[in-house]
Amino acid sequence: MSYPKIGIRPIIDGRWGGVRESLEATTMAMAKSAKEFIESNVYYSDGTPVQCVISPCTIGGGAEAAKCAEYFATQNVVATLSVTRCWCYGSETMDLDPTTIKAVWGFNGTERPGAVYLAAVLAAHAQRGLPAFSIYGKDVQDATDTSIPEDVAEKLLRFARCAVAVGQMRGKTYAGIGSVSMGIAGSAMDPMFFQNYLGIRPEWIDMSEIKRRIDLGIYDHEEFERALKWTKEHCPEGFDKNANPHTREQKDKEWEFVVKMTLIFRDIMLGNPKLSNILPVGDEAKKAGALDTGWHEEALGKNAILSGFQGQRQWTDYLPNGDFSEAILNSSFDWNGKREPLTFATENDGLNGVSMLFGKLVTGTASLFADVRTYWSPEAVEKATGKKLSGRAANGFIHLINSGSAALDATGMSKDENGNPVIKKWWEVTDEDIENMLSVTDWCPGDLGYFRGGGFSSHFKTRAEMPMTMIRVNLIEGLGPVLQIAEGYTVILPDDIHDALDKRTDPTWPTTWFVPNLTGKGAFKDVYSVMANWGANHASLTYGHIGDDLITLASMLRIPVAMHNVSEDRVFRPHAWSAFGTADLESADYRACATYGPLYK
């Protein structure tokens, strides 16, 4: 993997003869401090520390700016952080590369006017149409103070997390398997959205490719046997709600089929070098299309950072559904142990897949795919159960549920060092966490009214109150993409209330009860208004209150935020956004995004 890097540009007063020489050491030390801080606190989605590179020289003018740019061009630099402790020459030292995301950290000190340079260069960025983030500490520091203030640290990390998320998407693929599922607009893949806003190449793969690979044995047979053994040992069947259930023989074949599907989905996304050496045997070799030279093209994969599977209905009307595969791929583990969750959208809803991807890239955790199914008011709950709600659920809640495709991390069974329930960064997941997640999950045979071909849905409930953020990207004709964000908490209902409400939908599916944080106004005046203003039937749920990161990420991609409950003091966008208005930040965001256009226009 060629990791996207952050390039650090130490900016200096270009006047030789005493001024520049006196600043060389402290300016380069500021750059090295930023590099060390970011590399110690920000990670790529594969769990490795983010890489920063520093310009080979301090930058006092255009010649050195060009030398820096030439070096960064060889390093896959996706974002630049210019740092300075003094006055420098704004437009002569600024980053002019239109493809990089930019930030400037100006030291707040009185001996040398780093803040003056910051203001000057931000004005130049605004005039040149190259928005940059402004990083400036609230409190004055002594000239000898080399520490990073807390407010500066927060902005450095937010900029770095989001910029690296942008870089990890660039040049990757969305592998859409199938087409539009049941008329769901999010699965009508718009290639120009993926290309212009995310830098992602969309590819279409017909669902028949899955059947072809199963029929011709295009998967790792050794891994299949190991995966099937693990599945039998760790994925118990739940209850079968069907009046005329499939036979034991049929179900056993369905288990084999869905495990193979899981391997094949992964291989389509990432590739698998072992496929080059796999040859068809027995009946496989007699079928049309069999090759005796290995599966070299299939071994390459699609370089996909996310994928989706249509399933319904052309597939599921006669073949096992994708619920098991989707749940396992989206989780932080499989039969090989812990591993990076593979973002995989149910019903090929690529817009919800993007929402899940945003959450994963800024947190390193698995994202939950769900229907935004029902708003339960306190009155409706009391009518249905005879019980009154209390605690966080007192004002009502939203039922998040889908047909068994949810990541098992959403069980809430992982624990931090203090025993608190969390969803961990995937590389911090332990074997005990995995066992705990599996222990509260069973796999119910699919509802044959929906899934005539059978299959198995993960069945669990979220068993912990955890901070979460609900996310959705929507496409609006005439406007483009918009992002919706709702920070809140999962809640635990008493068993009698849970059972009564859960059974009204589908008791074989995973359930999460979610309460958004309310502000008392707009879309967040009450829980009902959040549900009423949500833009689609699906949402992603990611651990933590990460709305601030998502707002920053959206501004980098030029996607306006249509709805959020993040306080204004946590909003961090490029400095030029203030030129579009400061009284109404939502409106200013729309105008700024429209003015600058998509990142890859």
Taking T365's backbone N and O only, do any of them form a donor-acceptor pair with T363's side chain (distance below 3.5 Å, no angle check)? yes

Short side-chain to backbone donor-acceptor contact, E254 and G454, under 3.5 Å: no

Tell me, do L389 and F397 make a side-chain contact under 4.5 Å, heavy atoms counted? yes

Are the aromatic rings of F572 and F133 close, with centres under 6.0 Å apart? yes

Whether the R161 and Y43 side chains hold a donor-acceptor pair (N or O, under 3.5 Å, no angle test) is what I'd like checked. no

Strictly distance-based, threshold 3.5 Å: is any side-chain N or O of N420 a donor or acceptor partner for the main-chain N or O of D416? no

A side-chain contact here means heavy atoms from C-beta on lying under 4.5 Å apart; do I200 and Q195 qualify? no

What verdict does the ring-ring contact (aromatic ring centres under 6.0 Å, His included) test give for Y3 and Y44, after you've listed the backbone C-alpha separation in whole Å, the side-chain angles of each residue and the deciding distance to 0.1 Å? CA-CA 8 Å; Y3 290 105; Y44 296 112; 4.4 Å; yes

Using 0.5 Å steps for rounding, measure from the CZ atom of F514 to the OH atom of Y375. 14.0 Å

Taking the six-membered ring of Y489, is the NZ or CZ of R392 close enough (under 6.0 Å from the centre) and on axis enough (within 45°)? yes

Are F456 and F324 close enough that their ring centers fall under 6.0 Å? no

Residues F344, F309; criterion ring-ring contact (aromatic ring centres under 6.0 Å, His included); working and verdict: CA-CA 8 Å; F344 203 92; F309 179 57; 7.1 Å; no

If only atom types and distance count, is the side chain of D502 paired as donor or acceptor with the main-chain N or O of H498 below 3.5 Å? no

Is there a side-chain contact between L342 and L270, using heavy atoms and a 4.5 Å cut-off? yes

Between atom CG of D433 and atom CD1 of I423, what is the distance when rounded to the nearest 0.5 Å? 11.5 Å

Can a salt bridge be assigned to the pair K424 and D409 using a cut-off of 4.0 Å between side-chain N and carboxylate O? no

Applying salt bridge (Lys or Arg N to Asp or Glu O under 4.0 Å) to K360 and E340, what does each step give before you reach the verdict? CA-CA 10 Å; K360 185 188 88 165; E340 180 179 348; 2.8 Å; yes

State, yes or no, whether a side-chain contact exists between D548 and L550 at a heavy-atom distance under 4.5 Å. no

For I401 and T511, work out which heavy atoms get closest and say how close. CD1-OG1, 3.5 Å

For the residue pair S355 and F369, establish whether any side-chain heavy-atom pair is separated by less than 4.5 Å. no

Spacing of CG belonging to L475 relative to CE belonging to M192, to within rounding of 0.5 Å: 12.5 Å

Compare every heavy atom of A536 with every heavy atom of N474, then report the nearest pair and how far apart it is. OD1-CB, 3.5 Å

Testing the basics here: between S332 and P341, what is the closest heavy-atom pair and its distance to 0.1 Å? CA-CG, 4.0 Å

Answer whether the closest heavy-atom distance between the side chains of F358 and D549 falls below 4.5 Å. no

Between atom CD of E237 and atom NE2 of H459, what is the distance when rounded to the nearest 0.5 Å? 14.0 Å

For W426 together with F333, are the ring centres under 6.0 Å from each other? no

List the steps, then state whether salt bridge (Lys or Arg N to Asp or Glu O under 4.0 Å) holds for R570 with E487. CA-CA 13 Å; R570 295 169 58 207; E487 294 184 339; 2.8 Å; yes

Pair D495, K461 - check salt bridge (Lys or Arg N to Asp or Glu O under 4.0 Å), show working. CA-CA 11 Å; D495 288 342; K461 64 180 179 181; 3.1 Å; yes

For the residue pair F37 and A153, what are the closest heavy atoms and their distance? CZ-CB, 3.4 Å

Looking only at heavy atoms, which two atoms of A486 and F524 are closest? And how far apart? CB-CE2, 3.8 Å

Do E298 and R212 sit within salt-bridge range, that is, some charged N less than 4.0 Å from a carboxylate O? yes

Whether the side chain of K338 engages the backbone of W427 through a donor-acceptor N/O pair (distance < 3.5 Å, no angle test) should be reported. yes

Give the C-alpha distance, both sets of side-chain angles, the deciding distance and a yes or no for salt bridge (Lys or Arg N to Asp or Glu O under 4.0 Å) between D267 and K274. CA-CA 10 Å; D267 292 349; K274 291 184 178 180; over 6 Å; no

Would D349 and R472 pass as an ion pair if we require N to O under 4.0 Å? yes

Which distance, rounded to the nearest 0.5 Å, do you find between the CG of L599 and the CG of L198? 9.0 Å

Looking at H545 and G488, would you say the former's side chain and the latter's main chain have a donor-acceptor pair under 3.5 Å? yes

Can you give me the closest heavy-atom contact between A175 and I205, atom names plus distance? CB-CD1, 3.7 Å

Are the aromatic ring centres of W513 and H399 under 6.0 angstrom apart? yes

Check E225 with K229, please: is the shortest side-chain N to carboxylate O separation under 4.0 Å? no

Calculate, to the nearest 0.5 Å, the distance between atoms OG1 and CE belonging to T512 and M466 respectively. 7.5 Å

Does the pair K251/E256 count as a salt bridge with the N-to-O cut at 4.0 Å? no

